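First comes the structure, then the notes that go with it.
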Amino acid sequence: MEGSWLLFETTDSIIEVLWDIALAFFVIRISFYYFLLTFLSSLILSYLAYAELLPITTLAHFLSSSSASEPINNHILLTWTILLTITSAIWAHLVLRHYEVPRVAHFRLAICSMALAFMVSAEMVVAFALYEEGYGGWVWEEMKSVAGVAWGGWMVMYSAMPVLLMGLERRIEEKREGRVTLGHGFHRAGAGLHKLPTINKEKAMM
């Protein structure tokens, strides 16, 4: 009896450990896909902006029309930050929806943490590569300027996006359920109207 009871506890512990490992791999995979899609999109957008195929300057001039006192570079950084935030929000929504990630705060915080770790690691690799190419001083000056503040703000929005989308997903689901309920109500009302006697039936009864 004691041996069988010990075996049961050991088996239960093994199942819990395997479940934790599977859950950890699930979180890592979702976080990596979210990071990879966002990082590649940022590289593509950077290339398009560098090749003047993306009207970043035009959008910045549009924003600067409301406050002409600020430098145009600040508006370019603001436009760039908004564009990257929208891109990360789109990818976060698509990845979370594809893997049907539940709206659980601690679970999504784990995804946020891993995605932030992946992005910081990638940015450090890029910074090290630029430093090796002789751009270390430029990178340091940019980090101390408004560009560094914009980069930090985008990193915060990127890392918190899976949690921030919980409210939007809840609203979308509530609207969808409301439409379904309204559709069922119309269907029931229509079925009730079909059950009412028609004029020909009333004449036949008379």
Side-chain angles (χ1 to χ4, degrees), residues 6-50 54 77-133 135-136 139-140 142-143 147-177:
L6 180 62
L7 179 62
F8 176 78
E9 288 185 348
T10 306
T11 305
D12 190 40
S13 301
I14 291 176
I15 293 175
E16 291 181 358
V17 171
L18 292 177
W19 171 253
D20 293 337
I21 293 174
L23 192 61
F25 274 108
F26 185 66
V27 170
I28 293 173
R29 182 173 62 177
I30 294 175
S31 305
F32 180 75
Y33 286 155
Y34 171 47
F35 147 74
L36 184 62
L37 292 171
T38 306
F39 185 72
L40 292 178
S41 299
S42 65
L43 292 180
I44 294 173
L45 292 175
S46 300
Y47 173 76
L48 293 177
Y50 179 78
L54 191 66
L77 290 174
L78 178 60
T79 305
W80 189 248
T81 305
I82 293 174
L83 187 60
L84 290 178
T85 303
I86 294 174
T87 304
S88 61
I90 292 174
W91 285 125
H93 174 69
L94 292 177
V95 171
L96 295 174
R97 184 178 179 182
H98 176 74
Y99 287 100
E100 298 180 355
V101 179
R103 290 193 299 270
V104 180
H106 66 272
F107 188 76
R108 295 207 176 191
L109 283 174
I111 296 176
C112 295
S113 302
M114 288 302 305
L116 180 61
F118 284 130
M119 185 61 73
V120 171
S121 301
E123 294 291 343
M124 290 180 63
V125 171
V126 173
F128 180 77
L130 292 175
Y131 177 80
E132 290 294 325
E133 293 294 329
Y135 295 99
V139 172
W140 179 248
E142 288 293 320
M143 292 302 297
V149 178
W151 178 81
W154 173 72
M155 288 290 287
V156 171
M157 293 299 297
Y158 157 79
S159 60
M161 193 60 67
V163 176
L164 296 177
L165 288 177
M166 291 176 60
L168 179 61
E169 293 172 357
R170 187 178 294 108
R171 291 184 180 180
I172 294 175
E173 185 176 351
E174 289 176 355
K175 289 184 179 181
R176 188 177 301 171
E177 291 178 354

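If you read the sequence from its start, that first residue is 1, and numbering goes on from there. All of these numbers come straight from a predicted model, not from anything done at the bench.
I21 pairs by the side-chain contact (heavy atoms from CB on, under 4.5 Å) definition with V17, F25, not counting sequence neighbours. With sequence neighbours left out, V125 forms a side-chain contact (heavy atoms from CB on, under 4.5 Å) with no residue at all. Here V120 pairs with L116, M124, M155 under the side-chain contact (heavy atoms from CB on, under 4.5 Å) rule; sequence neighbours left out. In this view, F39 and F35 satisfy the ring pair (Phe, Tyr, Trp, His ring centres under 6.0 Å) rule, not counting sequence neighbours. W154 meets the side chain to side chain donor-acceptor pair (under 3.5 Å) test with no other residue; sequence neighbours excluded. Remark: R103 pairs with E173 by the side chain to side chain donor-acceptor pair (under 3.5 Å) rule, at least two apart or across chains. Contacts of I44 classified as side-chain contact (heavy atoms from CB on, under 4.5 Å), with partners at least two apart in sequence or in another chain: L48. Residues passing the side chain to side chain donor-acceptor pair (under 3.5 Å) test with S41 are W91, sequence neighbours excluded.
Looking at heavy atoms from C-beta onward, L84 lies out of side-chain contact with M157 at the 4.5 angstrom threshold. Residues L168 and L165 meet the side-chain proximity criterion, which asks for heavy atoms closer than 4.5 Å. In this structure, L36 and F118 have side chains that are not in contact, with every pair of non-hydrogen atoms separated by 4.5 Å or more. Looking only at side-chain heavy atoms (C-beta outward), P162 and L96 come within less than 4.5 Å of each other.
For the side chain to side chain contact (heavy atoms under 4.5 Å, CB included) criterion with L37, the lone passing option out of T87, L94, V95 is V95.
Side chain of Y158 to main chain of A115: a donor-acceptor pair is present (N/O by atom type, distance under 3.5 Å, no hydrogens or angles).
Shortest non-hydrogen contact noted between M166 and A105 is CE-N, 4.1 Å. Taking both residues in full, the closest heavy atoms of A160 and C112 are given as CA-SG, 4.1 Å, listed atom of the first, atom of the second, then distance.
For the side chain to side chain donor-acceptor pair (under 3.5 Å) condition, no pair includes a residue of residues 114-127, sequence neighbours left out. Applying the side chain to side chain donor-acceptor pair (under 3.5 Å) test to pairs two or more places apart or on separate chains, those with a residue in residues 159-171 are R108-E169.
Within the model, atoms CG of L23 and CG of L18 stand 12.5 Å from one another, a figure rounded to the nearest 0.5 Å. Atom CD1 of residue I172 and atom CZ of residue R97 lie 8.0 Å apart, to the nearest 0.5 angstrom.
Within 6.0 Å of the OH atom in Y131, the count of heavy atoms belonging to other residues, nucleotides or ligands does not exceed 12.
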What pairs of donor and acceptor atoms, side-chain ones from residues 26-33 against any protein atom, are under 3.5 angstrom apart with sequence neighbours left out?
{"unit_1": "S31", "atom_1": "OG", "unit_2": "V27", "atom_2": "O", "d": "2.7"}
{"unit_1": "S31", "atom_1": "OG", "unit_2": "I111", "atom_2": "O", "d": "3.2"}

